[in-house]
Amino acid sequence: MAATETSPAADFERARAEADELEARLADLDDAYYERDTTLVPDADYDALKARLRELGTAFPELIGQDSALVRVSGRRSTLFAPVVHAERMYSLDNVFSVDEFREWAARLERDAGRAPALLCELKIDGLAISLRYAAGVLVSAATRGDGVTGEDVTANVLRIPGIPRRLAGSGHPELVEVRGEIFFPVAAFEALNAEQAVAGERVFANPRNAASGSLRQKAEGKSVTELDLMERRLSRLRMLVHGIGAWPHPAADSQSGMYELLAGWGLPTSRNARVVADADAAVGFIEHFGAHRHDVEHEIDGVVVKVDDFALQRELGATSRAPRWAIAVKYPPEQVHTRLLGIEVGVGRTGRATPYAVLEPVRVAGSVVARATLHNQDVVRVKGVLIGDTVVIRKAGDVIPEILGPVLELRDGSERAFEMPTTCPECGWPLAPAKEGDIDLRCPNARSCPAQVRGRVEHIGSRGGLDIEGLGEVSAAALTQPVIPATPPLTTEAGLFDLRLEDLFPIEVIVKDAETGLPKPGDDGRPRRETPFRRQRKAPKPGQPPTKSRPDPPYDPDGPFDGDAQSIVSAAAIELIAELQRAKDKELWRQLVALNIRHVGPVAARALAQHFGSLDAIRAAGAADLAAVDGVGPIIADAVVEWFLVDWHVEIVERWAAAGVRFAIPSHPGPGAATAAIDGPLAGLSVVVTGTVEGYTREGAEEAVLAAGGKAVGSVSKKTSVVVVGPGAGSKETKAIALGVPIVPAERFAELLERGLDVLAE
DNA sequence: CACCCTCGAGTTCA
DNA sequence: CTCGAGGGTG
């Protein structure tokens with residue numbers, strides 16, 4: 001977004017016209033943001049407008065008047081609540097948008113201060129600035145920032161927010177003190193709120209900040225009892241953290257950090273994430289750390305605030321007309337960005353569902369480059385209102401998965417066209433149809449031979465929740481089911497999986513696709529590049545030199561039927577795959593059940609069925625009623641199992657796998673219906689969630705250990721969860737556990753938990 | 001029958 | 001990780 005170059009002759013009039021336009025636009029945006037809690041454009045665009053205005057202002061200072069968007073403290077007084085004049089003005093902070101700009105600020109600071117002062121780093125919470133006025137230790141009013149001079153009284157609502165003391169702890173409180181802080185909606189609570197709002201037919205909030213603002217501005221008058229209840233609940237989910245003081249002539253502390261200790265001692269909520277660091281370099285470390293762990297905090301953060309810790313130096317540095325010189329806000333790159341919707345393609349998954357997905361101009365969002373995003377189905381495409389060719393708004397939902405929020409209507413030029421859902425399967429050409437009358441999802445009915453579905457099922461067989469076959473993932477599954485060579489793929493259905501031999505793998509050639517575009521990559525000769533995933537080319541020995549053997553040939557039976565060409569050798573991946581398949585034949589019955597791809601039968605249902613019946617034969621012989629009697633299996637799953645066995649090519653899978661040696665039974669199982677004694681152990685009757693990394697265990701291993709100790713390993717935290725084991729890298733589950741009051745055990749004590757059960761908590 | 005847990009399925013990128 | 005839907009429980 002390069003600014004138009006102003007000519008050296010300086011066309012003042014042109015600059016003024018542009019500045020006027022920018023001012024008007026910014027006034028609109030500020031008005032929407034502060035008065036109506038609406039964000040019309042991504043933050044990045046807003047910042048860009050201001051940056052441009054600042055540029056113009058640098059060239060022509062006379063363009064920037066007293067009510068310019070650059071000068072006024074953003075925000076205006078709302079008439080909703082009574083006005084409150086702050087005893088001391090609430091400043092906003094200057095912003096920088098990169099570590100480099102921060103270093104410039106720090107360098108200036110060090111020059112002004114004549115030394116490198118200690119800095120206090122804290123997170124910039126994306127919430128609402130608030131000022132609490134305490135008179136002789138008693139809360140007398142709470143006000144929003146408003147325009148910085150006058151805010152609105154929200155005391156009645158603030159009193160309902162947990163953690164804000166009406167009376168300060170301890171004694172010796174000043175006559176008057178204004179405590180400044182930020183009210184916010186914890187991210188986890190925000191999600192829950194929106195779900196409830198939707199159910200109640202109320203507005204759904206775009207982000208936690210809007211939710212906090214909206215919640216705080218509710219009025220009790222004229223509300224029904226249910227509405228009041230909803231209001232109460234919303235307020236009770238808000239939280240506050242304090243980060244400063246206003247009016248107080250002689251604070252009993254000589255530094256920002258000392259101030260926080262004092263405030264904490266009074267029972268005010270202070271952040272756990274504030275640190276005093278020695279210099280700018282250390283501050284950069286803090287900034288980068290939380291840039292990477294933005295979502296490991298309970299609230300949304302849009303940056304880091306760095307303050308001079310020493311109060312004496314703060315006073316010395318003073319403030320400009322709008323912001324103190326001793327503090328700076330370092331803003332993180334936006335998490336919502338614009339990019340072009342290049343096209344919408346349709347993929348087919350293992351169940352045959354046809355899913356449209358967006359192909360995007362690759363763009364960086366929250367740390368990674370995104371080129372695709374799912375659109376779920378044609379209804380979602382319609383509801384989001386996106387057209388091919390649109391500029392669209394992208395964000396990362398829940399940290400990872402990119403999501404298209406919608407089009408930027410102003411940027412349409414008429415060349416965009418609507419997406420039309422294909423009527424036939426893009427992979428096999430069969431007509432797509434809903435599985436049931438009234439279903440939105442379209443499916444490819446060619447379950448047996450649609451290459452996409454076979455590929456998906458084979459991949460699922462190899463997955464961790466299935467037979468956990470190393471070397472059978474996305475790439476191998478595609479190679480086995482859709483190679484360019486041979487013409488007849490080694491697998492036309494999964495029935496032949498356990499009959500695969502090395503010589504079936506050897507000839508396979510696939511076309512290499514570019515990860516970004518999905519298009520075939522051209523090789524040296526310009527034609528699509530091919531790869532042989534199960535074979536390596538042996539380098540031809542140079543003439544005149546003795547053939548060197550850099551690596552020994554892989555172990556392989558020379559008397560076997562293998563018939564590869566002399567210049568190639570079997571890759572280790574091929575040998576590994578065959579060996580893994582061999583091992584899979586004796587794996588647990590539940591894994592083999594999952595591998596059959598029966599609808600609704602995943603690891604948990606499969607475990608229940610396996611444990612109860614002991615063998616696939618017993619499951620097959622059981623009626624729907626017998627199946628549904630199993631704990632965790634209801635009529636729907638029971639029917640799905642019965643019906644699965646009625647399809648001839650399904651039965652063929654079972655028969656060919658069994659013939660190849662797949663065991664399909666739990667050895668020494670007493671037989672169907674045998675009472676399975678509840679496992680006794682330290683964790684008997686407890687459900688345990690493990691999140692983050694636990695040293696010495698894989699994710700699976702930890703679950704196994706919980707089962708072995710008699711516990712139940714569950715994936716998500718709820719009120720019923722007995723205990724949550726939290727290791728480094730834990731995310732929302734830890735937050736949720738805290739919110740629900742579920743006991744937490746640190747990962748280091750996992751082993752102890754396994755041995756002693758909940759006794760570990762009693763310390 | 002109305003909840004609330006769970007599970008299954010689909011999903012993206014390094 | 002999130003969504004929708006199955007299963008169990010009060």
Side-chain angles (χ1 to χ4, degrees), chain A residues 187-188 190-192 194-196 198-199 292 295-296 345-360 362-377 379-380 394-404 435-436 439-441 443 452-453 455-457 459-460 463-466 473-475 514-516 518 590 593-594 596-609 627-641 687-689 691 699 703 712-722 729-733 735-736 740 742:
Chain A
V187 178
F190 167 73
E191 315 290 352
N194 260 356
E196 282 174 28
V199 169
H295 301 283
D296 300 352
E345 290 177 13
V346 174
V348 176
R350 80 178 159 101
T351 62
R353 199 165 92 176
T355 312
Y357 61 92
V359 179
L360 305 162
V363 64
R364 193 167 190 84
V365 198
S368 62
V369 175
V370 171
R372 285 153 212 275
T374 181
L375 288 161
H376 304 288
N377 59 48
D379 261 33
V380 172
I394 307 289
R395 75 159 171 206
K396 287 269 193 88
D399 218 359
V400 210
I401 316 280
E403 182 189 2
I404 292 188
K436 294 195 305 271
D439 268 9
I440 294 158
D441 292 344
R443 284 172 189 278
Q453 294 187 57
R455 183 197 340 120
R457 289 199 301 267
E459 193 185 332
H460 184 241
S463 71
R464 267 199 337 204
E474 196 181 333
V475 175
D514 185 87
E516 238 169 49
W590 69 264
L593 265 174
V594 170
L596 294 177
N597 280 290
I598 302 171
R599 202 132 118 82
H600 305 305
V601 179
V604 175
R607 269 193 179 98
L609 288 168
L627 294 164
V630 177
D631 197 25
V633 178
I636 307 253
I637 295 181
D639 285 347
V641 173
S687 52
V688 181
V689 173
T691 178
R699 157 143 246 102
E703 283 178 16
K712 194 176 170 212
V714 290
S716 58
V717 180
S718 71
K719 275 191 291 190
K720 284 194 180 172
T721 309
S722 320
S732 62
K733 285 175 194 170
T735 323
K736 196 166 176 197
L740 293 173
V742 174

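Protein chains get the first letters and strands the later ones, always in sequence-line order, with residue 1 at the start of each. As a basis for the values below, the full set of heavy atoms in this structure was taken, side chains included, without hydrogen atoms, waters or symmetry mates.
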Whole angstrom is fine here: how far is it from [atom1] in [X] over to [atom2] in [N]?
| X | N | atom1 | atom2 | result |
| --- | --- | --- | --- | --- |
| His376(A) | dT11(B) | NE2 | P | 8 Å |
| Asn377(A) | dA9(B) | CG | P | 18 Å |
| Trp590(A) | dG8(B) | CH2 | C1' | 14 Å |
| Arg372(A) | dA14(B) | CZ | P | 12 Å |
| Gln453(A) | dG10(B) | CD | C1' | 14 Å |
| His600(A) | dG4(C) | NE2 | P | 16 Å |
| Ile637(A) | dG7(C) | CD1 | P | 4 Å |
| Glu474(A) | dT12(B) | CD | P | 10 Å |

Can you tell me how far apart CZ (Arg455(A)) and CD (Gln453(A)) are? Round to the nearest 0.5 Å. 10.0 Å
Reported CD1-to-CZ distance for the pair Ile404(A) and Arg372(A), which is rounded to 0.5 angstrom: 12.5 Å
Identify whether any heavy atom of Gly602(A) sits under 4.0 Å from a base atom; if not, whether one sits that close to sugar-phosphate; answer base, sugar-phosphate or nothing. sugar-phosphate
What's Gly632(A) touching, base or sugar-phosphate or nothing? Going by heavy atoms closer than 4.0 Å. sugar-phosphate
State, with a plain yes or no, whether a side-chain heavy atom of Val594(A) is found less than 4.5 Å away from one of His460(A). yes
Ile637(A) vs Leu627(A) side-chain heavy atoms within contact, under 4.5 Å: no
Closest nucleotide among [options] to the [X] side chain:
| X | options | result |
| --- | --- | --- |
| Ser687(A) | dT12(B), dT6(B), dT11(B) | dT6(B) |
| Ala371(A) | dG7(C), dC13(B), dT11(B) | dC13(B) |
| Pro635(A) | dT12(B), dG7(C), dG8(B) | dG7(C) |
| Thr351(A) | dT6(B), dG10(B), dG7(C) | dG10(B) |
| Asp631(A) | dG8(C), dG7(C), dT11(B) | dG8(C) |
| Arg599(A) | dA9(B), dT6(B), dG7(C) | dA9(B) |
| Pro402(A) | dG10(B), dT12(B), dG7(C) | dT12(B) |

Restricting to non-hydrogen atoms, name the atom on [X] and the atom on [Y] that form the minimum distance, rounded to 0.1 Å.
| X | Y | answer |
| --- | --- | --- |
| Ala605(A) | His600(A) | CB-O, 3.9 Å |
| Trp590(A) | Gly465(A) | CZ3-O, 3.5 Å |
| Val714(A) | Ser687(A) | CG2-CB, 4.2 Å |

Note, DNA chain C 5' to 3' with Watson-Crick or G-U pairs under 3.5 Å encoded as ( ), [ ], | and . gives ||||||||||
Using a cut-off of strictly less than 4.0 Å, decide whether Arg350(A) has a side-chain nitrogen or oxygen near OP1 or OP2 of dA9(B). yes
Starting from the 5' end of DNA chain B, give me the residue, Arg353(A) or Val714(A), whose nearest nucleotide shows up first. Val714(A)
Name the atoms and distances for all side-chain donor-acceptor pairs under 3.5 Å in residues 353-360 of chain A, with sequence neighbours left out.
unit_1	atom_1	unit_2	atom_2	d
Arg353(A)	NH1	Asp441(A)	OD2	3.2
Tyr357(A)	OH	Glu345(A)	OE1	3.1

